[in-house]
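Here is the structure we will look at.
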Amino acid sequence: MKSSSMVASSASTSKQLAAFIAKVRSKVAKVTRACRAELRRLLPTSIELVYDNYNFFVIGLCGD
């Protein structure tokens with residue numbers, strides 16, 4: 001069961017990721033969203049880390 005802090009963190013991550021994706025070309029954004037959706041489907045309980053790295057952003061997933 002997720003705690004309220006985990007849910008808030010997840011919502012915050014989603015907002016941050018949406019802001020990063022909004023900065024890239026539409027074709028890249030579309031592929032990024034599709035890949036993320038597939039990874040979330042394959043690893044539904046994974047922890048997701050998102051960060052901006054100069055001209056790129058990184059999405060990392062850790063699952064069990």
Side-chain angles (χ1 to χ4, degrees):
M1 178 184 243
K2 288 186 177 181
S3 70
S4 60
S5 63
M6 288 178 73
V7 172
S9 177
S10 178
S12 176
T13 299
S14 293
K15 286 181 182 180
Q16 186 180 30
L17 181 56
F20 292 156
I21 292 173
K23 296 178 185 179
V24 299
R25 293 180 296 145
S26 62
K27 287 183 181 181
V28 174
K30 184 176 180 179
V31 170
T32 301
R33 287 186 195 101
C35 289
R36 182 174 179 247
E38 181 65 10
L39 287 168
R40 299 303 300 164
R41 186 186 70 77
L42 293 170
L43 301 165
T45 61
S46 65
I47 296 170
E48 186 171 41
L49 170 69
V50 177
Y51 62 94
D52 192 356
N53 186 16
Y54 298 102
N55 294 329
F56 301 94
F57 63 89
V58 177
I59 303 170
L61 293 162
C62 178
D64 50 12

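No experiment lies behind these values; they were computed from the predicted model shown.
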Please evaluate residues L39 and I59 with respect to the criterion side-chain contact (heavy atoms from CB on, under 4.5 Å), reporting the C-alpha separation (whole Å), side-chain torsions for both, the decisive distance (0.1 Å), and the verdict.
CA-CA 11 Å; L39 287 168; I59 303 170; over 6 Å; no

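In the displayed structure, L61 atom CG is contacted under 6.0 Å by more than 12 heavy atoms of other residues, nucleotides or ligands.
Between K27 and K30 the shortest side-chain heavy-atom distance does not fall below 4.5 Å. Looking only at side-chain heavy atoms (C-beta outward), R36 and L17 come within less than 4.5 Å of each other.
A chain of hydrophobic side-chain contacts below 4.5 Å, direct or via other Ile, Leu, Val, Met, Phe, Trp or Tyr residues, connects V28 to I21.
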